[in-house]
Amino acid sequence: MQDNETPKAPTLDTSLADMPKRDWLVALSGIAEEKGHFTTLGKHHFSTFIEGGETLLVTFENYDSIQRISPKAQPLGWEVGKVLGWSTLNVISDGQSWFRDRNIYAYFDDLIDDGFFEEFDNVLFYGAGPCGYAAAAYSIASPGARVLALQPQATLDPRIAEWDERYIRQRRANWTTRFGYAPDMIDGAQEAFVLYDPEQTEDAMHAALFTRPNVHKLRMRYVGEALQYSLRNMKILSRIIALAGTGQLTPEVFAKLFRARRDDKNYLRVLLRDLEDEGRVKLAHALCTNVVTRLDGVPAFERRLKFLNEKLEALPEGDS
């Protein structure tokens with residue numbers, strides 16, 4: 001670049017990876033201002049709106065997750081919206097706040113008063129974990145919207161969820177004011193999908209609190225603690241979002257998509273560990289045989305298969 005050339009402004013195609021946080025935020029806000037708007041929401045939150053089509057994807061995301069998961073260090077909403085031609089509203093936190101902030105309440109109040117959500121034919125609220133809680137909680141701002149929440153918490157109010165000891169410090173937040181108890185906030189949704197791993201006890205207990213006539217609870221057994229990461233690895237997250245946003249996602253359609261787990265090494269490792277913990281040697285052996293036969297680059301399963309071959313030979317006849 002010549003000395004007198006002006007640096008090109010970042011666009012939706014620009015990678016924001018490996019930027020210091022301040023530079024990343026400046027670049028992100030510049031892109032958002034060019035395509036829609038950028039709004040600071042207090043010290044630890046901000047929002048971006050990228051104008052697109054008549055379907056709106058509302059995502060709740062976390063700065064650290066964006067940096068860790070996105071190759072371009074861009075919000076998931078931007079990635080999906082660009083491919084599908086959707087508009088995206090992205091509420092982003094710096095730290096895990098569960099989005100319990102008066103500035104965010106006021107922001108959504110303004111969006112409601114302006115009739116923002118009424119401008120779109122379809123609205124989908126999406127988030128994972130604490131962001132899944134927020135997606136469900138704030139969906140009340142757009143009656144008739146759809147919700148896709150991955151392993152969401154219903155609340156961290158100790159009077160309801162004292163059994164969840166993972167986030168004790170966050171119990172100090174006020175969980176009883178506006179947009180508080182997430183399962184109640186989805187009553188106005190057209191439909192909601194709650195994805196969770198039933199082997200994760202706390203996640204399963206939170207999912208139970210979301211039992212409603214308009215809620216589909218989709219089980220993802222053996223996926224573990226990071227559903228969003230696993231669905232991205234399986235290359236089905238964007239498709240699930242696309243189907244949910246247009247009313248085409250059903251438990252049956254999800255079950256077919258989730259067959260992609262058969263090629264996901266993280267899922268297969270968790271399944272193998274569970275089978276071995278339960279002492280199910282023959283099933284573990286069958287799994288390793290299947291994986292080694294179908295997939296390349298699985299040395300851990302090859303080593304385990306050799307070990308299980310020796311273990312099976314030593315088992316008395318008739319044992320599992």
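Only heavy atoms go into these numbers, but all of them, side chains included; no hydrogens, no water, no symmetry mates. The shown structure was predicted, so the numbers you read here are calculated from the model rather than taken from an experiment. One-based numbering along the sequence shown.
- When hydrophobic clusters are built by joining Ile, Leu, Val, Met, Phe, Trp and Tyr residues whose side-chain heavy atoms come closer than 4.5 Å, directly or via intermediates, Leu41 is not grouped with Trp98.
- To the nearest 0.5 Å, atoms CD1 (Ile140) and CD1 (Ile186) are separated by 10.5 Å.
- Distance CZ/Phe210 to CE/Met185: 10.5 Å, rounded to 0.5 Å.
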Could you go through Ser70 and Trp78, starting from their C-alpha distance and side-chain angles, then the distance that decides it, and tell me whether this counts as side chain to side chain donor-acceptor pair (under 3.5 Å)? CA-CA 10 Å; Ser70 171; Trp78 288 18; over 6 Å; no
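- Within the 3.5 Å criterion, the main-chain N or O of Ala260 finds no donor-acceptor partner in the side chain of Lys235.
- For residues 195-208, the set of pairs meeting the side chain to side chain donor-acceptor pair (under 3.5 Å) definition, not counting sequence neighbours, comprises Gln151-Asp203, Asp164-His206, Arg166-Asp203, Glu199-Arg221.
- Inter-residue side-chain proximity for Asn266 and Tyr229 is flagged as unmet; no heavy-atom pair is nearer than 4.5 Å.
- The closest donor-acceptor contact from the side chain of Asp157 to the backbone of Thr176 lies at 3.5 Å or more, if one exists at all.
- Between the side chain of Asn309 and the main chain of Leu305, a donor-acceptor pair closer than 3.5 Å is present.
- Between Phe254 and Phe258, the ring planes lie parallel to each other; the angle is under 30°, not in the 30° to 60° tilted range.
- Contact detail for Arg304 and Cys288: the closest heavy-atom pair is CB-SG, 4.0 Å.
- Checked for salt-bridge contact, Asp264 and Arg232 miss the test: no charged N lies under 4.0 Å from a carboxylate O.
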Take Gln228 and Leu76 through the test side-chain contact (heavy atoms from CB on, under 4.5 Å) and record every step on the way to the result. CA-CA 11 Å; Gln228 179 172 251; Leu76 173 66; 3.8 Å; yes
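- Considering only heavy atoms from C-beta on, Ser238 stays 4.5 Å or farther from Val83 through its side chain.
- With Leu231 as the partner, the side chain to side chain contact (heavy atoms under 4.5 Å, CB included) test is satisfied by one option alone out of Val223, Leu257, Leu195: Leu195.
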Please walk me through it: do Tyr133 and Leu156 pass side-chain contact (heavy atoms from CB on, under 4.5 Å)? CA-CA 10 Å; Tyr133 159 82; Leu156 295 183; over 6 Å; no
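- Taking the six-membered ring where the residue is Trp, Phe116 and His37 present tilted rings, their angle falling between 30° and 60°.
- Phe117 and Phe108 have parallel rings, their planes meeting at less than 30° on a 0 to 90° scale where 60° marks the start of perpendicular.
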Apply side-chain contact (heavy atoms from CB on, under 4.5 Å) to the pair Gln67 and Leu16, showing each step before the final yes or no. CA-CA 9 Å; Gln67 299 299 318; Leu16 308 182; over 6 Å; no
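- Side-chain atoms of Thr55 and Leu84, non-hydrogen and from C-beta on, never get closer than 4.5 Å to each other.
- A donor-acceptor contact under 3.5 angstrom links the side chains of Thr177 and Arg100, judged on distance only.
- Residues Val298 and Leu268 form no side-chain contact, since every pair of their non-hydrogen atoms from C-beta on lies 4.5 Å or further apart.
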Could you walk me through whether Glu34 and Ile31 pass the side-chain contact (heavy atoms from CB on, under 4.5 Å) test, one step at a time? CA-CA 5 Å; Glu34 177 69 23; Ile31 296 170; 5.8 Å; no
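- Under 4.0 Å is where a charged nitrogen must lie from a carboxylate oxygen, and between Glu51 and Lys35 no such pair does.
- Under a 3.5 Å cut-off, the side chain of Glu61 and the backbone N or O of Asn90 do not form any donor-acceptor pair.
- Checking side-chain atoms of Ser29 against main-chain N and O of Val26 turns up a donor-acceptor pair under 3.5 Å.
- Transitive grouping of hydrophobic side chains (ILVMFWY, heavy atoms separated by less than 4.5 Å) keeps Ile92 and Tyr107 in distinct clusters.
- Under the 4.5 Å side-chain heavy-atom criterion for ILVMFWY residues, no single connected hydrophobic cluster contains both Val123 and Leu249.
- Going from atom CZ of Arg171 over to atom OG1 of Thr155 covers 10.5 Å, rounded to the nearest 0.5 Å.
- Once rounded to the nearest 0.5 Å, the distance linking CG of Asn290 with CG of Leu283 reads 12.0 Å.
- Counting heavy atoms from C-beta outward, Ser97 and His44 have side chains that stay 4.5 Å or more apart.
- Listed for the Ser87 side chain is a donor-acceptor partner under 3.5 Å among the backbone atoms of Gly53.
- Under a cut-off of 6.0 angstrom, the local environment of CZ in Arg178 is crowded, with over 12 non-hydrogen atoms contributed by other residues, nucleotides or ligands.
- At a threshold of 4.5 Å between non-hydrogen side-chain atoms, the residues Leu111 and Ser142 do not count as touching.
- Without hydrogens or angle criteria, Arg294 side chain to Arg262 main chain gives a donor-acceptor distance under 3.5 Å.
- Side-chain N or O atoms of Tyr138 include one that pairs as donor or acceptor with a backbone N or O of Phe99 at under 3.5 Å.
- Other residues sharing a hydrophobic cluster with Leu209 under the 4.5 Å side-chain heavy-atom criterion for ILVMFWY residues are Ile160, Trp163, Tyr181, Met205.
- Side-chain contact between Leu25 and Arg22 is absent, with no heavy-atom pair separated by less than 4.5 Å.
- Side-chain contact between Ile241 and Trp86 is present, with heavy atoms from C-beta onward closer than 4.5 Å.
- In terms of hydrophobic clustering, with Ile, Leu, Val, Met, Phe, Trp and Tyr side chains grouped at heavy-atom distances under 4.5 Å, Phe179 and Tyr126 are assigned to different clusters.
- A side-chain donor-acceptor contact under 3.5 Å links Gln74 to the backbone of Thr14.
- Each of Phe49 and Leu28 belongs to its own hydrophobic cluster when Ile, Leu, Val, Met, Phe, Trp and Tyr are linked at side-chain heavy-atom distances under 4.5 angstrom.
- In this structure a side-chain-to-backbone donor-acceptor pair under 3.5 Å is present from Trp24 to Ala73.
- In this structure, the separation between SG on Cys131 and CD on Gln153 is 9.5 Å, given to the nearest 0.5 Å.
- Lys43 has no carboxylate O lying under 4.0 Å from a charged side-chain N of Asp94, or vice versa, which leaves the two without a salt bridge.
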